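Data block below; observations after.
Nothing fancy with the numbering, it's 1 onward along the sequence. Counting starts at 1 for both ligands and their atoms, in listed order. Source: prediction; values computed, not measured.
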Amino acid sequence: MAEAAEAARPTQGVKELLENSNGQIHDQSLPDKYIKPEIARVRCNTPLAGIPLIDFSQIHGQSRSKIIQDIANAAQEWGFFQVINHSVPLALMDAMMSAGLEFFNLPLEEKMAYFSEDYKLKLRFCTSFVPSTEAHWDWHDNLTHYFPPYGDEHPWPKQPPSYEKAAREYFDEVLALGKTISRALSQGLGLEPDFLIKAFREGMNSIRLNYYPPCPRPDLAVGMSPHSDFGGFTILMQDQAGGLQVKRNGEWYSVKPVRGSFVVNISDQLQIFSNGKFQSAEHRVAVNSSSQRLSIATFFEPSEDVVVAPIPELLLRNSEPPRYKESLFGTYLGKQFSKYFDSKNTIQALEINR
Ligand SMILES: O=C(O)CCC(=O)C(=O)O
Ligand SMILES: [Fe+2]
């Protein structure tokens, strides 16, 4: 998929495109902007992936070392795993999903008031990734916002009224789970538990809600294009609609939603820190014609001023040369958002060719 020369700014989300089409978007046609080139289309009959399912009920108990080993194996082999019996209450997960859906159901003007492609904004609504750089748009709308340390100044969406409370409570719980996962990942690399927490400094955490309306031609459109996440790791909550696919050894696999679980995926900075031991796996989302879908990703990222490079202690211990050039995380982010998200091309640019 080549970068697009043409610039266009959407005036609405996919949700309204569909609702305002008065039936014109039917099973024969989609607007050109949403018809992906043949090579980029998604086959829906991909095999179901057995991404590892990890039971966290004993993460602080007797089985801790076995669970850490399972997480490290999953991070190495898939870059993905699902977590069940974690510490986040199901009621809070459901409340966050409901508040998120209510946001996307707001009138268009209320959402467009937050429209921006500027990834540095603390709160923004957008459609696709960076639409003005994309020849073809993804079939999803999104709401992204950062979390404290911005504190009370954080510009929460004013509507729906339930949003701020649900998001604050949800984030507190997911942050605690994120710390548990970060410690397990550090130990899985043979490092002290707080290694990654310290390496990320205060960290930059954000949340992205992805809303996928049903699509009359799921064979022509793509919910979310192939990409790897660019931070440290991601904790993703999804509803039961399905559509997430993960690439492993060149093949795409569908991830079956498990109620009450989280999908965790390793992201680019952790692949670099671990010198490629952990995989930041490519993933994408297929749409379907019958149901909408909502997913909520919480991204755990280093602070922008962190220089990310393979961890010297690991290189020394494993007698390995570094496989990636060092890079300031803020610079990495800028590169990622300055162009069309295309597979893993940002991290590939840092590979040291030997
Ligand atoms: O919707 C999904 O399942 C995946 C979302 C995703 O990959 C992202 O927000 O980075
Ligand atoms: Fe992602």
Side-chain angles (χ1 to χ4, degrees), residues 13-15 42 44 46 48-49 51 75 78-83 93 96-97 100-101 103-104 119 124-131 134 137-147 174 178 204-215 218 221-248 252-259 261-271 278-288 291-301 332-333 336-337 340-347:
V14 200
K15 188 169 182 294
V42 178
C44 289
T46 54
L48 278 185
I51 65 167
W78 283 93
F80 263 83
F81 52 94
Q82 281 193 91
V83 172
M93 297 172 75
M96 184 64 202
M97 290 297 265
L101 261 189
F103 175 84
F104 289 104
Y119 69 93
R124 68 190 183 96
F125 170 71
C126 200
T127 187
S128 205
F129 278 110
V130 193
E134 296 167 46
W137 291 335
D138 286 355
W139 191 266
H140 78 271
D141 300 330
N142 54 80
L143 173 72
T144 306
H145 55 91
Y146 284 89
F147 271 100
V174 174
M204 247 192 352
N205 303 321
S206 62
I207 197 164
R208 177 180 168 112
L209 294 83
N210 303 301
Y211 177 79
Y212 306 85
C215 179
V222 173
M224 194 178 282
S225 294
H227 67 283
S228 57
D229 294 349
F230 37 81
F233 61 93
T234 303
I235 300 184
L236 180 94
M237 168 165 69
Q238 59 171 329
D239 63 18
Q240 297 299 295
L244 175 61
Q245 300 184 352
V246 179
K247 198 174 194 180
R248 187 191 186 207
W252 287 102
Y253 295 89
S254 298
V255 176
K256 188 176 185 312
V258 175
R259 168 104 172 112
S261 73
F262 286 107
V263 172
V264 179
N265 60 289
I266 303 299
S267 311
D268 293 352
Q269 308 314 304
L270 216 46
Q271 178 169 329
F278 288 174
Q279 293 298 313
S280 147
E282 241 179 282
H283 50 286
R284 68 181 182 188
V285 178
V287 278
N288 71 78
S291 56
Q292 62 180 9
R293 175 169 186 268
L294 181 68
S295 73
I296 302 184
T298 306
F299 301 107
F300 293 84
E301 297 173 5
Y332 193 96
L333 263 183
Q336 182 81 16
F337 279 99
Y340 183 65
F341 277 41
D342 193 359
S343 308
K344 294 186 68 170
N345 58 6
T346 313
I347 190 167

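- In this structure Glu282 satisfies the side chain to side chain contact (heavy atoms under 4.5 Å, CB included) test together with Pro226, Lys247, Trp252, Ser343, Lys344, sequence neighbours excluded.
- Protein atoms of type N/O/S that fall under 2.8 Å from the Fe ion (ligand 2) number 3 in this view.
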Show, in sequence, the C-alpha distance, side-chain angles and deciding distance for Gln240 and Arg259, and conclude whether the side chain to side chain donor-acceptor pair (under 3.5 Å) test is met. CA-CA 7 Å; Gln240 297 299 295; Arg259 168 104 172 112; over 6 Å; no
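- Between the CD atom in Gln238 and the CG atom in Leu294 there is a gap of 10.5 Å [rounded to 0.5 Å].
- By the side-chain hydrogen bond (donor to acceptor under 3.5 Å, both in side chains) test, Gln292 pairs with Tyr211, sequence neighbours left out.
- Between the CZ atom of Phe104 and the CG atom of Asp141 there is a distance of 6.5 Å, given to the nearest 0.5 Å.
- With rounding to the nearest 0.5 Å, the separation of OH in Tyr146 from CD in Glu301 is 5.5 Å.
- Using bins of under 30°, 30° to 60° and over 60° for the plane-to-plane angle, the ring pair Phe299/Phe230 lands in the parallel bin.
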When you pair each N or O of ligand 1 with protein N or O atoms, which pairs come out under 3.5 Å?
unit_1	atom_1	unit_2	atom_2	d
ligand 1	1 (O)	Tyr212	OH	2.7
ligand 1	1 (O)	Arg293	NH1	2.9
ligand 1	1 (O)	Ser295	OG	2.6
ligand 1	3 (O)	Arg293	NH1	3.2
ligand 1	3 (O)	Arg293	NH2	2.8
ligand 1	7 (O)	His227	NE2	3.1
ligand 1	7 (O)	His283	NE2	3.0
ligand 1	9 (O)	Asn210	ND2	2.9
ligand 1	10 (O)	His227	NE2	3.2
ligand 1	10 (O)	Asp229	OD1	3.2

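- Expressed to the nearest 0.5 Å, how far NE2 of His227 lies from OG1 of Thr346 amounts to 11.0 Å.
- His145 places no side-chain N or O within donor-acceptor distance of the main-chain N or O of Leu143, the cut-off being under 3.5 Å.
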